[in-house]
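Structure first, then comments.
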There are 2 protein chains.
Amino acid sequence: MQPALRPSLPEPPAQSAHDRVYRGLRQQVMHGELFPGTPLTLRGIGKSFGVSMTPAREAVRRLTAEGALTFSASGRVATPELSNERIEELASIRALLEPELASRALRRAHMALIDRMQSINEANARAIHRQDPVDYIRTNLEFHRTLYLRAQSPAMLGLLETVWLQLGPTMRALYTRLRRTTAPPHHRLILEALRAGDDAALRLALRTDVTQGLRHLVV
Amino acid sequence: MQPALRPSLPEPPAQSAHDRVYRGLRQQVMHGELFPGTPLTLRGIGKSFGVSMTPAREAVRRLTAEGALTFSASGRVATPELSNERIEELASIRALLEPELASRALRRAHMALIDRMQSINEANARAIHRQDPVDYIRTNLEFHRTLYLRAQSPAMLGLLETVWLQLGPTMRALYTRLRRTTAPPHHRLILEALRAGDDAALRLALRTDVTQGLRHLVV
DNA sequence: TCACGCGGTTTGTGATCACAGTTTGCGATG
DNA sequence: CATCGCAAACTGTGATCACAAACCGCGTGA
């Protein structure tokens with residue numbers, strides 16, 4: 001969990017049962033803890049969170065609305081198995097939104113932010129070396145989100161997180177399949193563009209980071 | 001309702017109770033039938049759709065996940081009252097997504113599509129003359145959606161519809177306040193750019209249509 | 001050996017209920 | 001006449017239940 005990220009997203013404690021379930025499931029999906037096509041059951045979810053079916057159903061309903069889960073034929077719940085077209089479309093949405101968010105964040109960026117991103121990036125490199133897919137996905141998203149939070153554009157970030165959510169299981173399948181041992185090279189470019197205050201370079205670095213990262217997703 | 005639009009969005013009949021409620025409420029919100037801050041109750045929703053609280057709750061949960069409804073203090077459900085910053089942010093998201101969708105649709109556009117858009121636009125002009133805010137919003141969205149459906153980018157269109165949904169009540173408040181009697185000039189430019197096959201002009205026309213239309217929203 | 005069919009089990013759905021918190025409206029009091 | 005207070009009504013929450021449909025596995029038959 002990343003307690004340091006919370007203050008910018010003004011979500012109150014909101015400790016209702018369905019909200020606990022929602023957050024828990026959402027994190028599992030976004031961080032790639034679940035493979036594509038993993039079947040879920042309302043009773044199973046409820047039991048694993050210690051609640052009844054009702055809050056589990058609401059959380060699932062909410063997550064399906066965001067594309068994090070799908071209803072297979074006749075209402076069975078599962079993580080999505082994306083077609084190649086869908087993957088490419090989601091990647092192009094990332095390529096549209098992320099440079100814009102980065103550009104907005106650039107105006108408000110300061111040294112402490114860049115340092116924080118750098119340390120997250122080092123954790124990301126360690127996850128790669130450890131060959132830990134979940135931690136790799138988690139730190140990678142955290143790297144990006146840390147930057148975008150500075151954009152002060154909650155609606156746009158929310159939309160982007162929806163996209164990440166849909167890609168979660170697919171990214172897990174990818175990063176489990178190809179066991180890379182070298183860090184993605186573009187995070188360094190992002191940090192350099194940030195330090196230089198170069199908007200065009202930053203946009204380009206993000207676009208390539210996103211499209212390169214998802215290039216290998218197409219089966 | 002627009003039965004002609006259905007085939008491209010491959011949504012099955014899906015006649016469960018919560019889905020009927022979801023679609024009904026969603027349309028009410030997106031088409032501006034509800035003003036910002038309108039309070040809703042689960043029991044009231046259920047009664048007006050002839051179902052119990054359970055499906056009503058699921059539909060509301062799903063709509064709040066999309067930003068169509070908000071939970072006011074201590075769980076009361078209401079349509080959102082957006083701040084100026086949020087309105088501007090949503091407008092800039094529209095300005096980002098809609099030119100992209102239009103550009104993708106341009107490659108696949110044909111004469112029948114343009115004719116259909118033109119006839120929708122005439123219905124839109126009639127709604128303006130009749131000073132019917134709901135029908136104005138409905139035909140305006142239909143004009144745009146008819147174009148974007150051709151982009152064959154369901155995920156991007158889905159994201160955009162989420163944005164429309166969030167703006168629904170606010171647009172209703174606007175178009176009720178300022179009683180315009182002249183059609184927005186940019187739809188004509190969009191049609192001309194489509195006929196000419198001019199990508200740059202089309203992108204520009206959409207960007208100005210979106211930003212001009214929402215310029216008056218800021219209170 | 002393989003395909004088919006059938007019954008037990010599991011699954012999502014929707015209704016109902018008890019409960020706690022909030023709002024509301026009426027009446028008493030200054 | 002205005003203001004405060006309290007009780008009744010209302011609201012969302014979560015649990016439980018009945019039910020129908022889908023699924024799974026085993027056994028039978030070709």
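Letters go in sequence order (proteins before strands), and every chain restarts at 1.
- For S119(B), there are no side-chain hydrogen bond (donor to acceptor under 3.5 Å, both in side chains) partners, not counting sequence neighbours.
- Under the salt bridge (Lys or Arg N to Asp or Glu O under 4.0 Å) criterion, R104(B) pairs with E100(B), sequence neighbours left out.
- Of all nucleotides in DNA chain C, those with any atom nearer than 4.0 Å to a heavy atom of chain B start and finish, going 5' to 3', at dG14(C) to dT23(C).
- A salt bridge is absent between D19(B) and R26(B); no separation between the charged side-chain nitrogens and carboxylate oxygens falls under 4.0 Å.
- Residues of residues 52-61 of chain A that place a heavy atom closer than 4.0 Å to DNA chain D, in numerical order, are S52(A), T54(A), P55(A).
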Would you give me the side-chain donor-acceptor pairs under 3.5 Å for residues 34-51 of chain A, sequence neighbours excluded?
residue: T38(A); atom: OG1; partner: F35(A); partner atom: N; Å: 3.3
residue: T38(A); atom: OG1; partner: F35(A); partner atom: O; Å: 2.5
residue: T41(A); atom: OG1; partner: G44(A); partner atom: N; Å: 2.9
residue: S48(A); atom: OG; partner: I45(A); partner atom: O; Å: 3.0

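- Every residue two or more places apart in sequence or in another chain that forms a ring-ring contact (aromatic ring centres under 6.0 Å, His included) with F143(A) is listed here: H187(A).
- For E33(B), there are no salt bridge (Lys or Arg N to Asp or Glu O under 4.0 Å) partners, not counting sequence neighbours.
- DNA chain D is contacted by both H18(A) and R76(A); H18(A) maps to the nucleotide lying nearer its 5′ end (nearest heavy atom per residue).
- Applying the salt bridge (Lys or Arg N to Asp or Glu O under 4.0 Å) criterion to D115(B), with sequence neighbours excluded, gives no partner residue.
- Each of S72(A) and V51(A) was matched to the nucleotide of DNA chain D holding its nearest heavy atom; the match closer to the 5' end belongs to V51(A).
- Taking E81(A) as the reference, nothing meets the side-chain hydrogen bond (donor to acceptor under 3.5 Å, both in side chains) condition, with sequence neighbours excluded.
- Residues of residues 37-44 of chain A that place a heavy atom closer than 4.0 Å to DNA chain C, in numerical order, are L40(A), T41(A), L42(A), R43(A).
- Taking the side chain to side chain contact (heavy atoms under 4.5 Å, CB included) definition, one finds that A155(A) meets it with R86(B), E89(B), L90(B), I93(B), sequence neighbours left out.
- Residues passing the side chain to side chain contact (heavy atoms under 4.5 Å, CB included) test with E58(B), sequence neighbours excluded: R57(A), R61(A), H18(B), T54(B).
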